[in-house]
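Atoms considered below: every heavy atom in the structure, side chains included; atoms not considered: hydrogens, waters and symmetry mates. As the structure is a computational prediction, the values presented were derived from the model and not from experiment.
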Amino acid sequence: MQIVSYPHPTLRHKSLPVKRVNAELRELVSNMFDVMYEARGVGLAANQVDLPIRLFVVNLEAKAGEGEEFVFINPVISRPKGLEEKEEGCLSLPDLYGPVKRPKQIRVNAYGIDGQEIQADLSGLFARVVQHELDHLDGVLFVDRMSETNKLEIFDALDEFETEFASQRDAGGVPGDKEIAQRRVVWEQKYC
Ligand code: ZN
């Protein structure tokens, strides 16, 4: 399992709801935490590891054995309140940061990995991470939410990511769009 980088097409794919959880999916989720800790992230959406299904994991401490691990399956956000601008980054856009305005407070409803219903009113970093990860499931990246002025400042950086991705592809390190799409269908048939 590997984190895919912008502009990998699965990052732009709208993930489908999860309809079943089995031992394999629990194992995949456990691997997602490992991959996230290795990259020192606080959140990771399934499509960031090329799994086109509606779930993401969060641990605000970004370290194994510390903090609390959360799995959000089929998450829905409601009751947004306030607005706050903070710097964000993303494991699929390493070393790139920029200011993003989001509601300060939200309610999230989801299912946990054991099928339990989750409802939580979140604020601060937790609210921001959940909104950032939920965006991933809809194919939205934090850079899409930056102001036009701030976007100008990261234009070159995005261009570099695109060049790097193209050269990885040329070297055979990344499959073509068609093959990636076919893999997604296999996962969707299994879990959605
Ligand atoms: Zn991200």
Side-chain angles (χ1 to χ4, degrees), residues 1-16 18 24-25 27-59 62-64 71-72 85-102 128-192:
M1 183 184 280
Q2 271 187 334
I3 297 176
V4 298
S5 291
Y6 172 86
H8 191 285
T10 302
L11 294 171
R12 291 303 191 189
H13 183 73
K14 191 172 160 72
S15 298
L16 297 182
V18 177
E24 183 197 47
L25 188 61
E27 184 65 26
L28 287 167
V29 165
S30 165
N31 293 343
M32 281 176 64
F33 277 108
D34 294 340
V35 166
M36 182 180 84
Y37 295 139
E38 205 169 308
R40 295 179 186 177
V42 292
L44 184 69
N47 61 329
Q48 289 184 276
V49 291
D50 206 13
L51 291 172
I53 59 176
R54 290 189 88 75
L55 73 84
F56 59 79
V57 301
V58 175
N59 181 343
K63 274 187 190 157
V71 182
F72 293 88
E85 188 173 71
K86 291 261 186 192
E87 193 114 295
E88 290 191 20
C90 180
L91 296 180
S92 293
L93 288 150
D95 301 321
L96 183 68
Y97 300 91
V100 181
K101 271 186 198 152
R102 295 190 190 272
R128 182 163 293 266
V129 171
V130 162
Q131 291 174 85
H132 175 115
E133 301 309 331
L134 186 50
D135 268 353
H136 272 301
L137 303 183
D138 291 323
V140 175
L141 298 168
F142 81 90
V143 292
D144 304 335
R145 294 201 181 271
M146 285 171 61
S147 71
E148 292 307 318
T149 320
N150 288 318
K151 265 184 203 165
L152 289 175
E153 286 172 34
I154 58 156
F155 184 86
D156 288 347
L158 290 182
D159 197 51
E160 271 177 45
F161 276 111
E162 284 160 26
T163 307
E164 170 64 20
F165 189 77
S167 73
Q168 277 178 13
R169 250 197 180 151
D170 291 344
V174 183
D177 282 359
K178 202 176 158 192
E179 192 184 330
I180 290 173
Q182 281 166 348
R183 282 191 202 172
R184 281 199 303 262
V185 170
V186 172
W187 286 114
E188 286 170 348
Q189 283 171 345
K190 209 167 193 179
Y191 289 110
C192 305

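Checking H8 against Q168 by side-chain atom types alone, no donor-acceptor pair falls below 3.5 Å.
A heavy-atom distance below 4.5 Å is not found between the side chains of C90 and Y97. Within the 4.5 Å cutoff, the side chain of F56 has heavy atoms near those of the V130 side chain. Here the side chains of V58 and V71 are not in contact, with every heavy-atom distance at 4.5 Å or above. For the pair I3 and D50, the minimum side-chain heavy-atom distance is 4.5 Å or more.
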Determine all donor-acceptor pairs shorter than 3.5 Å in which one atom belongs to a side chain in residues 35-49; sequence neighbours excluded.
from: Y37; atom 1: OH; to: N59; atom 2: ND2; distance (Å): 2.9
from: Y37; atom 1: OH; to: E69; atom 2: OE2; distance (Å): 2.5
from: N47; atom 1: ND2; to: T10; atom 2: O; distance (Å): 3.2
from: N47; atom 1: ND2; to: H136; atom 2: O; distance (Å): 2.8
from: Q48; atom 1: OE1; to: A45; atom 2: N; distance (Å): 2.9
from: Q48; atom 1: NE2; to: S92; atom 2: OG; distance (Å): 3.0

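With sequence neighbours left out, the side-chain hydrogen bond (donor to acceptor under 3.5 Å, both in side chains) criterion links K151 to E148. Shown here are the side-chain hydrogen bond (donor to acceptor under 3.5 Å, both in side chains) partners of K14, two or more places apart in sequence or in another chain: D138. By the side-chain hydrogen bond (donor to acceptor under 3.5 Å, both in side chains) test, R145 is found to be paired with D135, residues two or more places apart in sequence or in another chain being considered. Under the side chain to side chain contact (heavy atoms under 4.5 Å, CB included) criterion, N150 pairs with P99, M146, S147, E153, sequence neighbours left out.
Shown are L93, V140, V4; of these, the side-chain contact (heavy atoms from CB on, under 4.5 Å) with L11 is made only by V4.
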Applying salt bridge (charged side-chain N to carboxylate O under 4.0 Å, His left out) to E88 and R102, what does each step give before you reach the verdict? CA-CA 11 Å; E88 290 191 20; R102 295 190 190 272; 2.7 Å; yes
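Looking at K190 and E24, a side-chain N of the basic residue comes within less than 4.0 Å of a carboxylate O on the acidic one, giving a salt bridge. Under the 4.0 Å criterion applied to side-chain N and carboxylate O atoms, E179 and R183 are assigned as salt-bridge partners.
Residue pairs meeting the salt bridge (charged side-chain N to carboxylate O under 4.0 Å, His left out) criterion with at least one partner in residues 158-170, sequence neighbours excluded, are R169-D177.
The backbone N or O of S15 sits less than 3.5 Å from a side-chain atom of R54, completing a donor-acceptor pair.
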